[in-house]
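See structure below.
By convention here, the first residue in the shown sequence is residue 1. Being a predicted model, the structure only gives us computed values, none of them experimental. Only heavy atoms go into these numbers, but all of them, side chains included; no hydrogens, no water, no symmetry mates.
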Amino acid sequence: MSLLAVARSRTPRRPLGLNILTSSIFRRQSLTQTRSVKTEPAYPGHIPLNWFENAFLAVGSAFISLADPRRADMVAALGETTAGPVLPRLLDHMLESEEGRRILKERPRINTSTVDMAALARLPENTFGHTYVTWLERCGVTPDTREPVHYIDDPELAYVMQRYRECHDFYHALCGLPVSVEYELALKVFEFANLGLPSAALSTAAVVRLNAAKRARFLSEYVPWALRCGGVARSMITVYWEERWAQDLGELKEELGVWDPPPAKWRKPLSEAREAVARRATAELSGQMS
């Protein structure tokens, strides 16, 4: 049984056996609450929740995410159920930005169907686009694994959350951080300082999974970098990354107010990842020409 199913099976009933006056008050409140709760999906995939279900899912997803950070569905649920007033503030930031307004109007999505990865691979190595596809190759990940938003009622705020979720890997590529626990936590601190999402701060509880040496380095080196850099950098949610593919990575960092974190340890050498990206781009181009 899913967490949501458990929550709905345990939703408390309204009290019975009250006197006539109190019962009348509760009936009026119940009618008001019933009218205010959205029970019909507001967009494809939307799952409306009442307050109890939202709280239950938030707590349950937090525990499961801590026990198994690979549960992307629970990590996503935690982000949605704890977002609270932060999403409207991020929406305001986007509306105040020219780029942000274009994002909200055009609603771009990030996956291998919407982004020409081969074209990015053919860009110069110093560009953001080439850096991004090289990062994907180096980490062995794909943008197609991002969970869709389910538990946010407002469609516009749901898109803001989806945009944040799909742009997460851009922050990794921009900062040059792998996807292991230590560096994922560093980026979460950066995101919390920059965007203010509670789930980013809650995710740092996973620091207990690090050994003593990694934990000490995380706290002494990565946390100070993430708090300072994330706190002064431009709000990442307002950046139209798809318009920055050909921009020099160094210039982009300078424009956004981002600087490099302490050096990270990678499993795959950069040269090996670049060679793999080049081979894939050449093979795809040859296939198109034949």
Side-chain angles (χ1 to χ4, degrees), residues 75-76 78-111 114-115 127-129 131-132 135 143 146-149 151-177 179 183-204 222-262:
V75 174
L78 177 63
E80 295 174 37
T81 55
T82 60
V86 175
L87 288 179
R89 183 170 58 81
L90 294 180
L91 176 61
D92 288 342
H93 288 175
M94 297 180 75
L95 290 172
E96 293 167 359
S97 161
E98 182 182 348
E99 279 186 61
R101 289 192 296 272
R102 287 204 309 278
I103 294 170
L104 292 171
K105 180 180 179 180
E106 299 171 12
R107 296 202 171 194
R109 299 295 301 273
I110 308 297
N111 53 60
T114 60
V115 178
T127 61
F128 172 67
T131 299
Y132 171 60
W135 180 87
R146 293 299 174 189
E147 289 285 324
V149 172
Y151 307 115
I152 295 172
D153 292 333
D154 184 275
E156 196 161 34
L157 297 182
Y159 176 74
V160 173
M161 174 59 79
Q162 191 71 47
R163 178 68 178 176
Y164 153 73
R165 188 171 292 167
E166 293 181 357
C167 290
H168 174 78
D169 288 346
F170 293 154
Y171 311 158
H172 269 286
L174 183 73
C175 297
L177 289 172
V179 293
Y183 307 118
E184 192 67 51
L185 291 179
L187 196 64
K188 287 298 183 183
V189 177
F190 173 90
E191 288 180 342
F192 178 69
N194 187 259
L195 302 173
L197 287 166
S199 60
L202 292 171
S203 298
T204 60
Y222 285 101
V223 169
W225 164 80
L227 291 175
R228 289 197 300 268
C229 188
V232 303
R234 171 177 162 181
S235 179
M236 298 290 108
I237 199 70
T238 67
V239 181
Y240 208 144
W241 300 98
E242 299 90 328
E243 296 180 350
R244 308 302 190 100
W245 295 135
Q247 187 171 353
D248 178 82
L249 182 64
E251 292 179 358
L252 179 59
K253 287 182 178 180
E254 184 177 357
E255 177 187 339
L256 300 180
V258 173
W259 60 89
D260 290 336

* With a 4.0 Å cut-off, would you call Arg107 and Glu166 a salt bridge? -> no
* Asked: CG/Leu227 to CZ/Phe190 distance, rounded to the nearest 0.5 angstrom?
  -> 11.0 Å
* Asked: Considering only heavy atoms from C-beta outward, does the side chain of Arg109 approach that of Tyr159 to under 4.5 Å?
  -> yes
* **Side chains of Val232 and Arg228 in contact at under 4.5 Å (non-hydrogen atoms)** => no
* Structure fact -> Distance col, row Asp169:CG vs Ile110:CD1, nearest 0.5 angstrom, shows 10.0 Å
* Would you name the heavy atoms of Ile237 and Arg163 that are closest together and state the gap between them? => CD1-CG, 4.1 Å
* To do: Compare all side-chain heavy atoms of Met94 with those of Glu156 and state whether any distance is below 4.5 angstrom.
  => no
* Worked check of side-chain contact (heavy atoms from CB on, under 4.5 Å) between Leu91 and Leu104 -> CA-CA 9 Å; Leu91 176 61; Leu104 292 171; 3.6 Å; yes
* Asked: Within a strict 4.5 Å, meaning less than it, do heavy atoms of the Tyr164 and Leu90 side chains meet?
  -> no
* Asked: How close do Ala226 and Ala193 get, heavy atom to heavy atom, and via which atoms?
  -> O-CB, 3.9 Å
* Is there side-chain contact between Val239 and Tyr171, with at least one heavy-atom pair below 4.5 Å? -> no
* Asked: Under the 3.5 angstrom rule, does the side chain of Glu80 hit a backbone N or O of Tyr151 as a donor-acceptor pair?
  -> yes
* Structure fact -> By salt bridge (Lys or Arg N to Asp or Glu O under 4.0 Å), Glu106 pairs with (sequence neighbours left out) none
* To do: Give a yes or no on whether a salt bridge exists between Glu242 and Arg102, defined as a side-chain N under 4.0 angstrom from a carboxylate O.
  => no
* Can you check whether Val258's main-chain N or O pairs, donor with acceptor, with Arg234's side chain at less than 3.5 Å? -> no
* To do: Run the numbers on Glu147 and Val75 for side-chain contact (heavy atoms from CB on, under 4.5 Å), then give the verdict.
  => CA-CA 9 Å; Glu147 289 285 324; Val75 174; over 6 Å; no
* To do: Write down the atom of Gly79, the atom of Met161, and the distance for their closest heavy-atom approach.
  => O-CE, 3.4 Å
* Looking only at non-hydrogen atoms, find the nearest pair between Leu174 and Leu256 and report the distance. => CD2-CD1, 4.1 Å
* **Side chain proximity check, Pro108 to Thr114, heavy atoms < 4.5 angstrom** => no
* To the nearest 0.5 Å, how far apart are CG in Leu202 and CG in Leu78? -> 5.5 Å
* Asked: Between His93 and Ser97, is any pair of side-chain heavy atoms under 4.5 Å apart?
  -> no
* Which heavy-atom pair separates Phe128 from Trp241 by the least distance, and what is that distance? -> CZ-CE3, 3.6 Å
* Between Glu191 and Lys188, is there a salt bridge with N-O shorter than 4.0 Å? -> yes
* Answer yes or no: is there a donor N or O on one side and an acceptor on the other, between the side chain of Arg244 and the main chain of Leu252, under 3.5 Å? => no
* Asked: Are any non-hydrogen side-chain atoms of Trp135 and Val179 less than 4.5 angstrom apart?
  -> yes
* What's the shortest heavy-atom distance between Val149 and Ala158, and which atoms? -> CG2-O, 3.6 Å
* To do: Flag yes if more than 12 heavy atoms outside Glu254 fall under 6.0 Å of its CD atom; otherwise flag no.
  => no
* Nearest 0.5 Å please: distance from the OG atom of Ser235 over to the CG atom of Asp92. => 11.0 Å
* To do: Mind checking the CG-NZ spacing from Leu249 to Lys253? Nearest 0.5 Å is all I need.
  => 4.5 Å
* To the nearest 0.5 angstrom, please state how far the CD atom of Gln162 sits from the CZ atom of Arg146. => 10.0 Å
* Do Tyr222 and Tyr183 have ring centroids that are under 6.0 Å from one another? -> yes
* **Centroid-centroid under 6.0 Å between Phe170 and Trp245 rings** => yes
